[in-house]
Amino acid sequence: MRALTAFLKRDFLNDASYRFAFALNFVGILFLVTLWFFISRFLGKDVTLPGSGETVDYFPYVLLGIAAMGYLQTALGGFSRKLRAEQLTGTLEALLATPLSMRMLVVGTLAWDFLMSSFGVILYVAIAAAFFDMPLHASGLVGFALALVLTVGCAVALGMLSASFIIVFKRGDPINMLITAFSALFGGVFFPAQVLPSWLEPVAKVVPLTYALDAMRGSLLLGKTLSEIAPSLLVLAGFCLVLLPLGVVAFGRAVDLARRNGTLVQY
């Protein structure tokens, strides 16, 4: 716990030292919510949610998609960016030499970023509800929270896989861009998978974000109970159970390989 607190304190002090940029992050959320509100008014279409057959306004549909996508971008970009910074400042080897477990290293590195991403999601929803009359179902908050937790788990796993790539190949941009674009295209962030060609629709079933958004939208926008969104949550939990151990193993082996080759601090 002390190690996690130290990571959080370090990252908070680092972000808070750039006060103007820190404040602009939240102003940017307000402008982004406003932008998508007017885009949705321009499109003027409702979206049919997969499975339930019920329709919702495009504004809350896309807003929750963007909010959930933020977790994926945080995991891929945040972990990779901090790992790169440690390489550039020459502190990566010292950090990896500490008695911290690989799990704590990953959790500590991403804790602050995910805390801020979670605050951003709450801010997205609060602004949309307060200023743009986005309908919310308080009865679905528990299901929404569970979906967020499982989404974070999957995102952390993908972040570790991305970091493994960086340690070995020194550049993570290609794989990060590929995962982000793939998830946005097939995960239902901006449009449901039903608009894709029929032969591409099944691809959405192998994207964790598909199930995360099904659970989030169903609980928060339709007020579905835990039992009703349980199938999506179970699939999402299955992704976590597979991807998290895979991410830990991949990251550990990447570090061992870089140590053996003497390239751990190279960039």
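For the single chain, residues carry numbers from 1 onward in sequence order.
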query: Can you tell if the side chain of I29 reaches within under 4.5 Å of the side chain of L32, non-hydrogen atoms only?
result: no
query: Are any side-chain N or O atoms of Y61 and backbone N or O atoms of G188, one a donor and one an acceptor, separated by less than 3.5 Å?
result: yes
- prompt: Picking from F59, F190, F31, what satisfies ring pair (Phe, Tyr, Trp, His ring centres under 6.0 Å) with W36?
  reply: F190
task: Find out whether M160 and L246 are in side-chain contact, i.e. whether some heavy atom of one side chain is under 4.5 Å from a heavy atom of the other.
output: no
field: Atom of C240, atom of L150 and distance for their closest heavy-atom approach
entry: SG-O, 3.2 Å
statement: CG of L146 to CD1 of I229, rounded to nearest 0.5 Å, is 7.0 Å
task: Work out which heavy atom in I66 is nearest to a heavy atom in V189; give both atom names and the distance.
output: N-CG1, 4.0 Å
- prompt: Hey, what do you get for CG (L222) to NE2 (H137), rounding to the nearest 0.5 Å?
  reply: 6.5 Å
statement: Nearest heavy-atom approach of L244 to G153 is CD2-O, 3.4 Å
- prompt: Are side-chain heavy atoms of S219 and V142 found at a separation under 4.5 Å?
  reply: no
field: Qualifying salt bridge (Lys or Arg N to Asp or Glu O under 4.0 Å) pairs, either residue in residues 26-44, two or more places apart
entry: R41-D57
Any residue meeting side chain to side chain donor-acceptor pair (under 3.5 Å) with S139, in chain and number order, not counting sequence neighbours: none
- prompt: Considering only heavy atoms from C-beta outward, does the side chain of L185 approach that of F191 to under 4.5 Å?
  reply: yes
query: How long is the gap from CG on L209 to CZ on F182, to the nearest 0.5 Å?
result: 11.5 Å
- prompt: How far apart are the C-alpha atoms of F38 and F42, what are their side-chain angles, what is the distance that settles it, and do they pass the ring-ring contact (aromatic ring centres under 6.0 Å, His included) test?
  reply: CA-CA 6 Å; F38 286 111; F42 172 72; over 10 Å; no
query: Which value, rounded to the nearest 0.5 Å, describes the distance between L236 atom CG and D214 atom CG?
result: 10.0 Å
- request: Please answer whether the main-chain N or O of V47 pairs with a side-chain N or O of T55 as donor and acceptor at a distance below 3.5 Å.
  value: no
query: Any link between Y124 and L141 through a network of hydrophobic side chains (Ile, Leu, Val, Met, Phe, Trp, Tyr) touching at under 4.5 Å?
result: yes
- prompt: Where do F186 and L196 land on the side-chain contact (heavy atoms from CB on, under 4.5 Å) test, with the steps shown first?
  reply: CA-CA 9 Å; F186 296 106; L196 295 169; 3.7 Å; yes
message: When you group the ILVMFWY residues by side-chain heavy-atom contacts below 4.5 Å and let the links chain together, are V149 and F239 in the same group?
response: no
- line: Interatomic distance, CG@L241 vs CG@L234, rounded to 0.5 Å, equals 10.5 Å
query: To the nearest 0.5 Å, how far apart are CG in L35 and CG in L30?
result: 11.0 Å
Contact summary for A193 and E201, nearest pair of heavy atoms: O-CG, 3.2 Å
Heavy-atom pair with the smallest gap, counting every atom of P135 and L221: O-CD2, 3.8 Å
- prompt: Does V125 share a hydrophobic cluster with F131, counting links as ILVMFWY side-chain heavy atoms below 4.5 Å and allowing steps through other members?
  reply: yes
query: Got a donor-acceptor contact below 3.5 angstrom from the Y211 side chain to the A237 backbone?
result: no
query: Do V195 and L213 sit in the same hydrophobic cluster, where Ile, Leu, Val, Met, Phe, Trp and Tyr count as joined when their side-chain heavy atoms come under 4.5 Å apart?
result: yes
message: Evaluate L233 against L226 for side-chain contact (heavy atoms from CB on, under 4.5 Å), listing each step before the verdict.
response: CA-CA 9 Å; L233 292 178; L226 276 176; 4.1 Å; yes
query: Quick one: are Q73 and T180 in side-chain contact, heavy atoms under 4.5 Å?
result: yes
task: Is it possible for you to say whether I122 and M216 belong to one hydrophobic cluster, with membership spreading through side-chain heavy-atom contacts below 4.5 Å?
output: no
